Structures are given as structure tokens and as C-alpha cells.
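Here is the structure we will look at, set down as C-alpha cells.
In what follows, every chain begins at residue 1, and chains take the letters A, B, ... in the order their sequences are listed. Since we're looking at a predicted model, the values are computed, not measured. FYI, side chains are in, hydrogens and waters are out, and symmetry mates aren't considered; it's all heavy atoms of this structure.
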Amino acid sequence: MHSKQYDQLTASQKKAVFHIEGPLLVLAGPGSGKTRVITYRIAALIDSGVKPYNICAITFTNKAAEEMRQRAITLGSSGGAHISTFHSLCVRILRRYAAIAGINSNFSIYDASDQTHCIKQAVKDCDLDTTNFSPARMLEAISTLKNNLTDVDSFKAQADDFFSKKLVNVYAHYQKLLTERNALDFDDLLMKTALLLQNSHDVCKELGNRFKFLLIDEYQDTNHAQYKIAKLLASNHNNICVTGDPDQSIYRWRGADIRNILAFEEDWPDATIVKLEENFRSTANILEIADNLIAVNQKRKQKRLIPTRPRGKDVVVEVYEDELQEAHGIAAEIRKLAEQGVSLRDIAVFYRVNSMSRTIEEAFIRSKLPYQIVRGVEFYGRKEIRDVLAYLKILANPNDQLALLRIINTPARGIGKTTIDKLRDYADSHHISLYESLKRAGAMVSVSKAAKANIATFVNMTEQLKKNLTGPVASLTRLVFDQSGLAAFYKPDQGALENIEELISAAAIYDQQTEQPSLLDYLQQISLFSDADSYNTTVDRVALMTLHAAKGLEFENVFIIGLEDGLLPHERSIEDRDQLEEERRLFFVGITRAKTNLHISCAQYRTIRGQLLRAIPSQFLYELGINFAPSAKENHYDSDDEEDDDADITDDTDDTFQEVQKFTSGQLVWHKLFGLGRVHEFMNMGANSVVVVRFNTGQTKTLMVKYANLSKQ
DNA sequence: CATAGCCGCCTTTTT
DNA sequence: GGCGGCTATG
């Protein structure tokens with residue numbers, strides 16, 4: 001590492017980089033060079049004599065971890081530092097201290113769809129109806145409990161109301177299923193690690209000695225369990241450095257607790273605080289609207305974005321007829337940019353929900369624009385991929401009943417439902433795993449002769465394959481694919497075959513990059529991977545992603561679509577003030593990804609779940625502080641779904657420049673269509689003033705005062 | 001025991 | 001609109 005390189009840093013960045021010992025809080029706004037500070041900090045630690053081995057950096061995504069490793073290497077700091085997400089770190093810890101944590105080290109990691117299977121089973125076992133105790137609701141409740149480190153026993157002690165008492169049962173059953181299958185879900189990884197550190201001083205001390213310097217990025221999005229892990233790990237030495245931006249906290253729904261970063265100084269009284277407020281990314285006008293928007297949030301520390309770039313092109317807010325027009329408008333705009341020589345990789349389209357990508361995709365296909373969708377788990381969710389992985393999982397963890405049930409008769413090998421039911425009954429009554437019962441099937445009277453032979457063949461095959469548990473994973477995957485019969489089964493499906501080849505080459509990369517490749521390690525790693533991690537920044541394609549996925553990225557040209565009431569802010573967030581603020585932060589994150597060109601759009605009509613609906617511009621558009629008037633063109637805006645002109649009362653048609661009625665929060669109002677309601681929020685924008693009303697019908701609407709024709713009650 | 005077809009359910013964001 | 005589970009049929 002050449003000292004010269006440090007000269008590129010600003011004074012405050014240097015302060016964060018060279019503060020070696022003790023707690024450090026880096027409050028870093030968007031585009032402030034935070035990632036750079038962290039990588040330089042790793043280099044500076046090593047320069048000052050710290051062994052890479054003693055450094056542990058925690059990132060928010062696997063992709064961020066990968067990038068940080070690369071950057072650290074280019075900076076000249078040798079590898080060896082542990083850089084990963086919280087979840088990956090937990091897997092390593094739990095595997096190492098499995099016995100103390102009371103688990104088996106070859107555990108499977110259950111993803112959302114695995115969880116759903118188990119929770120459905122658990123709800124059924126508890127004889128509850130799935131309307132009031134829907135799988136989604138149960139999972140959410142259990143996830144919250146786990147995030148707060150409440151295990152079954154401690155929850156049992158505090159559950160007093162009806163719902164909680166039922167939930168205890170479901171929770172207990174669910175955990176029992178996971179334990180029997182030797183599986184942990186995402187939340188377990190965190191909870192078990194936190195409890196391990198909490199309950200075992202030896203482990204806590206040992207790990208504190210191993211990781212003498214702890215760095216945590218995106219600290220604003222840590223949940224309680226992660227907070228606890230960080231605190232316990234650092235309790236041995238106080239060398240904890242966290243970075244984050246409360247204005248970019250967008251994972252509250254997943255248990256993220258913004259108080260973790262807000263109260264850092266209380267947790268670590270001798271903490272040094274460095275603020276990085278300068279923004280090196282965006283033009284001054286982009287930052288201006290971001291600033292205006294985020295200033296509306298009540299629950300926040302005042303903070304300004306200080307631009308270092310001059311003003312650039314105006315931010316464009318476009319109103320389209322419907323989502324098709326919007327998609328084609330954006331495609332046309334991108335074509336224009338491309339003709340001006342802009343690389344497609346410098347362009348991104350952000351949206352609130354994944355389903356919105358379809359319309360954009362179709363328009364891009366028609367316009368022959370290459371794109372890549374950065375999506376959650378599409379690849380690993382594919383049937384053929386899940387099939388292959390299920391075979392592999394069975395080899396690593398024979399107790400993984402979910403995996404076994406998936407492939408026991410896929411491809412069909414004459415082990416049908418009746419046989420499987422008998423095997424399950426046998427396993428249950430003898431308290432053995434399903435796989436174990438397969439081995440004993442030969443002795444079961446009720447199982448048919450043919451089935452017995454088929455089961456024996458299956459068991460034989462898996463036992464043979466098990467001999468390859470250590471060593472390269474790619475070759476094993478191919479072997480499994482061929483031997484299992486999946487190869488023959490998927491032969492007619494070219495797409496499936498290609499996906500499997502992709503899986504095998506990914507495994508080959510793993511084999512190359514890992515010192516001691518093993519199936520178990522591979523499976524546990526890829527369980528934590530998502531497609532977003534494979535987002536390729538080098539290919540020349542437009543990137544399509546949700547606003548959540550956009551976190552941590554930056555682009556020259558950004559398009560944010562669907563700025564409509566109910567979409568952004570999302571309808572599920574409108575009721576709650578805190579959630580509304582989070583939606584605003586989400587929009588803020590999107591805006592601040594843009595370096596030079598920012599296009600924001602909304603549509604007047606949008607098809608949602610197959611229904612064409614009239615859309616109302618998002619209240620956020622009025623908060624940007626730019627002159628946004630949806631009716632600027634010939635477009636006429638009604639506040640509701642009716643087509644009638646209620647211009648009869650406010651007959652002054654030329655009221656554009658006149659002040660409109662003002663409202664205050666809490667006021668009762670009457671609307672012709674929605675009836676009685678209470679004012680939630682009023683934004684005074686002169687003639688374009690907007691009012692958010694919660695109607696007694698349960699709906700919350702954002703209305704333009706000049707069209708809404710509200711009367712005060 | 002396998003397959004096709006139908007019905008009903010869910011649908012925000014993700015490690 | 002899409003997927004998973006169930007049923008009826010071969």
C-alpha cells in the first residue's frame with residue numbers, strides 16, 4: 001500500500017480511515033465514498049500491523065462482500081480478512097461451535113419456500129384454520145420473535161393472549177420440524193449465533209480474540225439479533241466500526257431497527273463520530289430534490305447533502321397515460337441515450353415491486369434493448385435447480401426430509417404416494433428419519449414387492465454418491481445429475497439443461513476459489529446467495545431492479561417508475577406513519593443512485609393484478625420541490641375513479657395561481673365519493689396542495705385539493 | 001402409480 | 001396473473 005493513495009481521501013475520510021482503536025461511528029450520506037473508506041480502513045489497519053486474519057468486515061449482501069474483497073486486494077492489502085454478510089459469518093460460527101450451540105454441523109439452510117412448507121405442516125398439526133393463521137402471518141410473527149432472540153421456551157412464558165398462545169404452539173411445532181430435518185432458517189442462523197455468544201463466555205472470548213477488529217457496513221439495517229452479535233463480538237476489545245445512514249434504512253419490515261445506529265453513542269460512550277456529508281456522486285440538482293424529499297420525514301436527525309458536483313441536467317418528471325406508454329417512453333429515451341454514445345451498463349430502471357419489471361421487459365424486447373433483471377432468487381427457485389440441489393442436500397444431510405420428499409420419486413421411479421405415506425408413518429412411529437426408514441423398507445410387510453426393490457435401488461444410489469462428500473463439488477454435481485436420472489428426465493428441456501450447466505460452472509468456480517471445497521460448505525454458502533449477487537456490472541445491458549436491490553449501487557442514468565399512490569408509497573405502508581417514512585427513504589435511496597440523469601415517472605392508469613385502475617400521482621412527487629403539475633398538459637386529473645367533472649362549485653376555472661383551501665392534520669372532511677374521513681397530512685404547495693385523507697371506508701387517499709372538492713366538517 | 005387439468009389461493013420489499 | 005395442490009382419469 002503506497003501512502004500516496006491516501007492523498008486521494010478528504011480530511012473526514014482520513015479521520016475515519018486512520019482511527020484505529022476503539023468504537024467508531026461513520027455517518028455517511030449517499031455517494032460520500034463510504035465503501036472506499038471501509039476498504040482503505042482495512043488497508044490502514046493492516047499497515048499499522050494488524051493481521052488480516054484478525055479483521056472481520058460485515059456487509060449487507062454477498063455481492064458487496066465480493067466487491068470489497070476485490071477492492072481490498074487491488075489496494076494491496078493481502079487477503080485473509082474475513083469479509084462476508086452476517087448470515088455467512090453465522091454459518092461459519094455455528095458450524096465450528098455446533099456442539100456447544102446444540103446443533104449438527106451439517107445442517108441444511110431453509111429458504112422462504114422451504115419455510116412455507118414447514119409452517120403449513122405446523123399449522124395443520126396444531127389444528128388451526130389457515131385463514132386466521134395464514135402461513136405468511138405465522139412466518140412473519142415467528143421471524144419477529146427470532147429477530148428479538150425469543151426462543152420457544154421464553155415465548156411460552158410470556159404468551160398470554162389468545163393469538164400468542166396459538167402462536168406458541170405453531171412456533172414449537174415449526175421448530176420441531178426444523179430440528180428433525182436438521183435445518184435452520186435464515187433467522188435461526190442469527191438467533192442461534194447470538195444466543196451462543198450470549199450463553200458461552202468461552203466462545204465469545206475466543207471469537208473476540210479471532211476478530212480483533214470489527215467493521216459493519218449498512219449498520220442502519222441491522223436487526224436486534226445482528227446488533228447483539230456485533231455487540232458481543234466487540235465486547236472483548238471495543239474495536240467496532242460501523243457505517244451507515246439512517247436516511248437509507250429500508251429494511252424495517254425485516255426487523256431492521258434504526259435505533260441501533262441512532263443509539264450507537266449510548267452503547268459505546270467513548271465512540272468517535274465521523275460524518276461524511278459531502279456527496280461525490282450526483283449533480284447538485286439531483287441532491288436538491290433528494291434533500292427536499294427526505295426533509296419531510298419527521299423522525300430523523302437533520303442532515304444535509306453537500307454537493308461537490310455542479311448543477312447538471314434537470315430532473316425529469318414524466319406523466320404517462322398508462323404503464324405501456326411509460327415503458328415505451330423509457331425505451332425510446334434509452335434508445336436516444338444509446339445513440340448519444342451512452343453505454344447501456346450505465347443505465348438502470350428502478351421500481352417498487354418485482355412484477356413491474358414485466359412491462360418494461362416487453363417494451364425493451366420490442367425495442368431490441370438488451371437488459372438484465374436483478375432479481376431475488378429466480379435462478380435458485382427453478383424446478384430443475386431445486387431438484388439437483390435436493391439430491392445434493394440429501395447426501396450432505398440425510399435428515400433433510402423436505403429435500404428427500406422432493407426427489408424420492410423425481411424422476412418417477414415407482415415410489416408412489418401410498419408407499420411414501422407408509423414410510424412416513426413408519427418413520428414417525430419409530431422416531432427415525434424418513435431416510436432411515438427407506439433403509440428398513442425391506443422389512444416392512446405393508447410395502448409392495450416392487451416398491452421395495454425401487455427403494456433399495458434408490459438407497460443404493462445415494463449411498464454410492466455419498467462417497468464423494470469431500471473434494472470438488474462440480475464433478476459431484478454432474479455425477480449426481482447423471483446418476484439420479486435427472487439428466488435423462490430433463491433431456492427434452494433445453495432451457496433446464498442450460499440452467500444446470502450454469503449451476504455446474506458456478507460450482508466449478510467455487511471449487512477453484514475455495515481451499516478445501518466440500519459439498520456441505522458449498523450448499524450452505526449458496527443457500528445464502530441470491531441472483532442479485534450474480535448481477536454483472538461488466539456486460540452492456542440496462543439493469544432492471546427493485547428499489548431495494550438498488551441499495552449500494554450507482555448509475556449515470558436512472559429511471560424510477562410508478563410514482564403512484566399505493567405503489568410508492570405502497571398501499572401496505574400508507575396506514576402507518578413510520579412505514580410511510582420508510583417508503584420515502586426508499587425513494588430517497590433510488591434518487592441518490594443517480595449520478596447525472598434522473599427520470600421519474602408515473603402513469604395515469606395502471607393494470608394491477610389484471611385490473612385496469614386509475615392511478616393518482618404519489619404524494620412524494622409534490623415533495624421534491626420541483627414544479628410538478630400532473631395536469632400541465634391536456635391531461636385532466638380527477639381525485640377519484642369517477643369521470644365526472646365536479647367543477648360546478650369551484651367555478652373559477654382559472655384557479656391555477658390561486659391559493660387553495662388549507663387543512664390541518666386530524667381535521668374531519670367530507671368527500672363526495674369516499675364519504676367521511678380524517679386528514680392525515682397536508683402539504684402546502686400553493687395551487688398544487690395535496691392532502692392525504694384516511695377515509696372511514698378504510699382507504700387512505702392522496703388527493704389534490706383543487707380537484708378533490710373536500711368540505712370541512 | 002402417473003399425468004393432466006382444474007380450482008383456489010396469494011400477491012412488497014430479501015438475507 | 002401465476003403457482004401449488006388436489007382430483008379425476010388412464
**Report entry** Residue pair A:Asp185, A:Tyr174: steps toward the side chain to side chain contact (heavy atoms under 4.5 Å, CB included) verdict
**Finding:** CA-CA 11 Å; A:Asp185 64 20; A:Tyr174 174 74; 2.9 Å; yes
Report task. Determine: side-chain N/O of A:Ser355 to OP1/OP2 of B:dT12, distance under 4.0 Å, yes or no. Result -> no
Query raised in the report: Rounded to the Å, how far apart are A:Ile216 CD1 and B:dT15 P?
Result: 18 Å
**Report entry** Side chain of A:His570 (C-beta onward), nearest among C:dG1, B:dT14, B:dT12
**Finding:** B:dT12
Query raised in the report: With a 4.0 Å cut-off, would you call A:Lys34 and A:Glu218 a salt bridge?
Result: yes
Report task. Describe the nucleic acid contact of A:Arg252 in one word from base, sugar-phosphate, nothing, applying a heavy-atom distance below 4.0 Å. Result -> nothing
Query raised in the report: At under 4.0 Å between heavy atoms, what does A:Phe86 touch on the DNA or RNA strands: base, sugar-phosphate, or nothing?
Result: nothing
Query raised in the report: If you find the nucleotide of DNA chain B closest to A:Ser88 and the one closest to A:Arg352, which residue's nucleotide is nearer the 5' end?
Result: A:Arg352
Report summary line: Side-chain contact check for A:Tyr251: nearest option of B:dT11, B:dT14, B:dT12 is B:dT14
Query raised in the report: For B:dT13, does either OP1 or OP2 sit under 4.0 Å from a side-chain N or O belonging to A:Asn354?
Result: yes
Query raised in the report: Once the angle between the rings of A:His87 and A:Phe186 is folded into 0 to 90°, is it parallel (under 30°), tilted (30 to 60°) or perpendicular (over 60°)?
Result: perpendicular
Report summary line: Testing B:dT12, B:dT11, B:dT15 for proximity to the side chain of A:Gln579, the answer is B:dT12
Query raised in the report: Got a sec, which residues hit side-chain contact (heavy atoms from CB on, under 4.5 Å) with A:Thr359, two or more places apart in sequence or on another chain?
Result: A:Glu323, A:Leu324, A:Ala327
Query raised in the report: How long is the line joining CD of A:Glu361 and C1' of C:dG1, in whole Å?
Result: 15 Å
**Report entry** Nearest-angstrom distance from the residue atom CD of A:Glu564 to C1' of B:dT12
**Finding:** 15 Å
Query raised in the report: So does A:Arg572 get a side-chain nitrogen or oxygen closer than 4.0 Å to the phosphate oxygens (OP1/OP2) of B:dT12?
Result: yes
**Report entry** For atom CD of A:Glu571 and atom P of B:dT11, their distance in whole Å
**Finding:** 12 Å
Query raised in the report: Considering only side-chain heavy atoms of A:His117, which listed nucleotide, B:dT14, C:dG5, B:dT11, is closest?
Result: C:dG5
Using nucleotides 1-6 of chain B, report all nitrogen or oxygen pairs with the protein that are shorter than 3.5 Å.
| from | atom 1 | to | atom 2 | distance (Å) |
| --- | --- | --- | --- | --- |
| B:dC1 | OP1 | A:Gly416 | N | 3.3 |
| B:dC1 | OP1 | A:Thr419 | OG1 | 2.7 |
| B:dC1 | OP2 | A:Thr418 | OG1 | 2.7 |
| B:dA2 | OP1 | A:Asn409 | ND2 | 3.4 |
| B:dA2 | OP1 | A:Gly414 | N | 3.3 |
| B:dA2 | OP2 | A:Asn409 | ND2 | 3.0 |

Query raised in the report: Taking the same atom, P, in C:dG4 and in B:dT13, what whole-Å distance lies between them?
Result: 16 Å
Query - Atom-to-atom span, CG of A:Asp576 to C1' of B:dT12 - whole angstrom - result: 15 Å
Query - Proximity to the side chain of A:Thr61 - top-ranked nucleotide from B:dT14, B:dT15, B:dT12 - result: B:dT15
Query raised in the report: Taking CG from A:Leu139 and C1' from B:dT12, how many angstroms apart are they, rounded to a whole number?
Result: 16 Å
Query raised in the report: Can you list the steps and then say if A:Glu583 with A:Ser573 is a side chain to side chain donor-acceptor pair (under 3.5 Å)?
Result: CA-CA 7 Å; A:Glu583 296 285 309; A:Ser573 310; 3.1 Å; yes
Query raised in the report: Under 30°, 30 to 60°, or over 60°: which ring-plane class applies to A:Phe60 and A:Tyr251, parallel, tilted or perpendicular?
Result: tilted
Report task. To the nearest Å, give me how far apart CZ (A:Phe60) and P (B:dT14) are. Result -> 10 Å
Report task. For A:His82, check ring-ring contact (aromatic ring centres under 6.0 Å, His included) against everything at least two apart and list the hits. Result -> A:Phe211
Report summary line: Taking B:dT14, B:dT15, C:dG5 as options, the one with an atom nearest any side-chain atom of A:His87 is B:dT15
**Report entry** Nearest-Å distance for atom pair CG/P, residues A:Leu567 and B:dT13
**Finding:** 11 Å
Query raised in the report: How about A:Glu140: does its CD atom have over 12 heavy atoms from other parts shown lying under 6.0 Å from it?
Result: no
